[in-house]
Amino acid sequence: MATASLPAGCWPYTSPDAPHPLRHTAAECRRSRMIDLAHLRKDPAFFSKAWGDRGASVDVDGLLALDALVRELKTASESLKAEVNQASKSIAQAARSGGGAGAVDAAKERARQLGDQAKATDERRVALEQTLTDRLLLLPNPCHPAVPLGADSAANRVVDTWGQAPTFAFTPKAHYDLGPALGIIDFDRAAKLSGSGFVALRGAGARLSRALISWFLDVHTGTHGYVELAVPYLVQSKMMVGTGQLPKFADQFYACRDDDLVLIPTAEVPVTNLHAGEILEAEQLPVRYTAHTPCFRREAGAAGVGTRGMTRVHQFDKVEIVWLTTPERSDADLLSLRGHAETLLRQLGLHYRVLELCSGDTGFSSAHTYDLEVWSPGTSSWLEVSSCSTFGDFQARRAGLRYRAEKGGKPAFLHTLNGSALALPRCLIALLETYQLADGSVAIPAVLQPYLGGLARIGSCA
RNA sequence: GGAGAGGUGGCUGAGCGGUUGAAGGCGCUGGUUUCGAAAACCAGUUAAGGCGAAAGUCUUACGAGGGUUCGAAUCCCUCCCUCUCCGCCA
């Protein structure tokens, strides 16, 4: 890992005594991680193509050679260990039956030598296996066969569009003009507190944000049947390995200086990892959770491009929905999950479209992603308010999420899915811009009014 | 943060240097019995990985990591977590 180039305070954090999140413990190595190595051995061409479709060039032969060497050393050290164990048993017997001290000492010496050999062999194996693991953890999830091929966002496919762009008898304003004028969004004072890329909400703006969070959660728990969670916003960095943010995207989130804790970039991290290392029973599935959390993102390298206002901020609120499900139904579940996110936009009366991301634009951990983009009348652009993905067994492997298909059966990796439903700032943007009136006030959609004490219109609250 | 007590299989709970991957109990699975059920009895019941077509076999795991030893659940060190008391605090 090249750590020198990372900004201070960023993962890996600076405490010298801390465990390195990528130095897996023996217990963690015992679990299968990352991609399915057995599958890679059997069908390297599949992976070559899959990674190629994503624009990643991978030395598959090198991986296979390394894997073969690791297994060779493993076999060797294990048979040496077996000999040591045999020898130890006969020493015990000899000692018990009062055999000659000389014979026992000779046997001990032989066992010691075998033990040293086994240890040396195994140390080599551990080092090579760690190298292999480090490389495998950087490889993206192969895309689902349904994903359209393409190099970048230009190849994404618009699969649905709902509603129509609102029309105005006046020139609609952007949220970064509307909000401050109404006294409900304060960029300047947020920058004073935390620098650029932060936003403060005030009065009806703050309450509108809270109303959206409450309403989203109520719809998911009440209508869609999710279980609500309230989870930690700081997690150990190995959880970020579980969901795939680490090791590759270490520069994209905030870390603590003295503790192995990072601020979550999305609720996906704590919620998906909630059952990490567990074996669930088939009848428990699908597990469906929803959670509201703030999300913290450094957005390194994103400054300046279409980031005016609060379309891209370092801290924002989001309601997330997460499924742990079976491989048989995960494809269908992705559509259900996407539907749950879409429902919210429809009930808010916001014009939006659905994108099916192409192979080159699909996120590192995802196998298949739909983005929901809401229309921003003030800037005449589409804003991503949700990303709905199935990860196949990719995260399940990394996080150790398994289930038992039938009683007494072998545990197998389950499938994980998640989606934003929805991300707050861009919903606020779309609401303010879509429902703005000629006098600069903003109407409130009917579904939200009960959450705002009956407020139907936000006027100036300067 | 300080002091003490602990962390063993799905659960409970023994073991405190050598057939202990782990007694006993509970639960679970299959069988016997029964018209059926309960009870009783018998048998089985952790996971990961290597080799193997399979049967099987070997390795590893008693919170985690390291050490002592021919051999560690058992002894030593470090760390983590839980509980109790004290301190502090929303």
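Reckoned from all heavy atoms, side chains included, excluding hydrogens, waters and symmetry mates.
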**Asked** Is a side-chain N or O of His220(A) found less than 3.5 angstrom from the main chain of Ala421(A), in a donor-acceptor match?
**Response** yes

**Asked** Does the side chain of Asn85(A) get closer than 4.0 angstrom to OP1 or OP2 of U59(B) through an N or O atom?
**Response** yes

**Prompt:** With a non-hydrogen cut-off below 4.0 angstrom, is Ala82(A) in contact with a base, only sugar-phosphate, or nothing?
**Reply:** sugar-phosphate

Protein-nucleotides 73-78 of chain B N/O pairs under 3.5 Å:
none

**Summary of salt bridge (Lys or Arg N to Asp or Glu O under 4.0 Å) pairs that have at least one residue in residues 184-194 of chain A, sequence neighbours excluded** = Asp186(A)-Arg189(A)

**Request:** Pick the C1' atom in U57(B) and in C76(B), then give their distance to the nearest Å.
**Result:** 35 Å

**Which nucleotide in A47(B), G49(B), C70(B) has an atom nearest any side-chain atom of Glu78(A)** = G49(B)

**Asked** CG of Leu80(A) versus P of G71(B): gap in Å, rounded?
**Response** 14 Å

**Prompt:** Any idea which of U60(B), C70(B), G49(B) is nearest the Lys108(A) side chain?
**Reply:** C70(B)

Indicate every side-chain donor-acceptor pair of residues 207-219 of chain A with a distance under 3.5 Å to a residue at least two apart or in another chain.
residue   : atom : partner   : partner atom : Å
Ser214(A) : OG   : Arg210(A) : O            : 3.2
Asp218(A) : OD2  : Tyr451(A) : OH           : 2.6

**Item:** Asp36(A) CG - G49(B) P separation (whole Å)
**Value:** 9 Å

**Asked** When rounded to the nearest Å, what value does the distance between C1' atoms of C77(B) and C28(B) take?
**Response** 41 Å

**Prompt:** How far apart are the C-alpha atoms of Glu78(A) and Lys81(A), what are their side-chain angles, what is the distance that settles it, and do they pass the salt bridge (charged side-chain N to carboxylate O under 4.0 Å, His left out) test?
**Reply:** CA-CA 5 Å; Glu78(A) 284 184 357; Lys81(A) 277 182 197 164; over 6 Å; no

**Item:** Candidates G50(B), C70(B), G67(B) - which lies nearest the side chain of Thr75(A)
**Value:** G50(B)

**Asked** For RNA chain B, whose closest nucleotide is more 5', that of Ala412(A) or that of Ser79(A)?
**Response** Ala412(A)

**Message:** Measuring only the C1' atom in each nucleotide, how far is U68(B) from C11(B)? A whole number of Å is fine.
**Reply:** 35 Å

**Request:** Check the distance between G49(B)'s C1' and Phe413(A)'s CZ and give it to me in whole angstrom.
**Result:** 12 Å

**Asked** Taking only side-chain nitrogens and oxygens of Arg404(A), does any of them come within less than 4.0 Å of OP1 or OP2 of A47(B)?
**Response** yes

**Prompt:** So, is Arg41(A) close to the G50(B) phosphate, meaning a side-chain N or O under 4.0 Å from OP1 or OP2?
**Reply:** yes

**Request:** State, without any angle test, whether Ser387(A) and Asp371(A) hold a side-chain donor-acceptor pair at a distance under 3.5 Å.
**Result:** yes

**Message:** On the nucleotide C51(B), are OP1 or OP2 found under 4.0 Å from the side-chain N or O atoms that Arg71(A) carries?
**Reply:** yes

**Message:** Suppose the criterion is ring-ring contact (aromatic ring centres under 6.0 Å, His included): which pairs have a residue in residues 67-89 of chain A, not counting sequence neighbours?
**Reply:** none

**Asked** So His224(A) and His340(A), would you call those rings parallel, tilted or perpendicular, with 30° and 60° as cut-offs?
**Response** parallel

**Prompt:** Expressed in whole Å, how much space separates the C1' atoms belonging to G67(B) and U84(B)?
**Reply:** 32 Å

**Prompt:** So with a 6.0 Å cut-off around CZ of Arg71(A), is the heavy-atom count from everything else above 12?
**Reply:** yes

**Prompt:** When the distance from NZ of Lys89(A) to C1' of U19(B) is rounded to whole Å, what number comes out?
**Reply:** 6 Å

**Fill in**
Between the CZ atom in Arg426(A) and the OG atom in Ser420(A), the distance rounded to the nearest 0.5 Å is 9.5 Å

**Prompt:** Roughly, in whole Å, what's the span from NZ in Lys81(A) to P in A61(B)?
**Reply:** 7 Å

**Message:** What's the gap between U69(B) and A54(B) when it is taken at their P atoms, as a whole Å value?
**Reply:** 41 Å

**Item:** Sequence neighbours excluded - ring-ring contact (aromatic ring centres under 6.0 Å, His included) pairs with any residue from residues 181-206 of chain A
**Value:** Phe198(A)-His314(A)

**Fill in**
With both pairing distances under 3.5 angstrom for Watson-Crick or G-U wobble, and | for a partner in another strand, the correct string for RNA chain B is ((((((((.[[[..)..(.....]]]((((((.......))))))((((((....)))))).[[[[[..)....]]]]])))))))....

**Asked** Quantified in whole Å, what is the C1' atom distance between nucleotide A47(B) and nucleotide U8(B)?
**Response** 15 Å

**Asked** How many Å lie between CG on Leu37(A) and P on C51(B), as a whole number?
**Response** 11 Å

**Item:** Inter-nucleotide C1' distance (A72(B), A55(B)), Å rounded
**Value:** 33 Å

**Message:** Without decimals, in angstroms, what is the distance between Glu281(A) CD and A47(B) C1'?
**Reply:** 14 Å

**Fill in**
Asp122(A) CG to U60(B) P, in whole Å, measures 9 Å

**Asked** If you check the Arg112(A) side chain, which of U60(B), G50(B), C70(B) turns out closest?
**Response** C70(B)

**Asked** Which of these, Glu123(A), Arg125(A), Glu129(A), sits in a side-chain contact (heavy atoms from CB on, under 4.5 Å) with Leu73(A)?
**Response** Arg125(A)

**Request:** With C1' as the reference atom in both, quote the distance from C81(B) to U33(B) in angstrom, rounded to an integer.
**Result:** 49 Å

